[in-house]
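First the structure, in the form of structure tokens, and then the observations on it.
As the structure is a prediction and not an experimental result, all values here were calculated from the model. Counting begins at 1 with the first residue of the sequence.
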Amino acid sequence: MTPASPHTPVGAEGNLVLGGWSPLGMAAPSMKERQACWGARDEYWKCLDENTEDASRCKKLRSSFESSCPQQWIKYFDKRRDYLKFKEKFEAGQFQPSKPTVKS
């Protein structure tokens, strides 16, 4: 299965394509497809790092990331980045837990 172009809402098999991948064709991505996904993810994350997490400055790279990876991978990578950023702050002693709200 190959990723569809960002302008193609329907895959070659005629299946609806979400995020560049056909949800009906559950075959694992090829090595080339995995490498394209990881590369798009790395470029997007690099942009976020260079722009202090300002996602509005990385929209094109986000779009490329979403069209290069299966939707479940995107969700996983987004959660993974959040965790890694939390862990980085926690280990550096910069994490401040939110204060509990006081009920009256």
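- Relative ring orientation between W73 and F77 is described as perpendicular, the plane-to-plane angle rising above 60° on a 0-90° scale split at 30° and 60°.
- What you find for R62 and I74 is that their closest heavy atoms are NH2-CG2, 3.5 Å.
- At distances below 3.5 Å, at least one donor-acceptor pair connects side-chain atoms of S67 with backbone N or O atoms of S63.
- Between the CG atom in D42 and the CG atom in L61 there is a gap of 11.5 Å [rounded to 0.5 Å].
- Residues S56 and D54 approach most closely at OG-OD1, 2.6 Å, considering heavy atoms.
- Closest non-hydrogen pair, A40 versus F65, comes out as CB-CA, 3.7 Å.
- Taking a cutoff of 4.0 Å between a charged side-chain nitrogen and a carboxylate oxygen, D78 and R41 do not qualify as a salt bridge.
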Determine whether K87 and D82 satisfy the following criterion, salt bridge (charged side-chain N to carboxylate O under 4.0 Å, His left out), listing intermediate values before the conclusion. CA-CA 9 Å; K87 182 179 173 188; D82 289 344; over 6 Å; no
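- Here the shortest heavy-atom pairing between S68 and A36 reads CB-O, 4.1 Å.
- Distance check, rounded to the nearest 0.5 Å: CG of L48 to CZ of R57 gives 11.5 Å.
- A donor-acceptor pair under 3.5 Å is absent between the side-chain atoms of S64 and the main chain of K60, judged by distance alone.
- A distance of 11.0 Å separates NZ in K59 from OH in Y44, rounded to the nearest 0.5 Å.
- In the displayed structure, K85 atom NZ is contacted under 6.0 Å by more than 12 heavy atoms of other residues, nucleotides or ligands.
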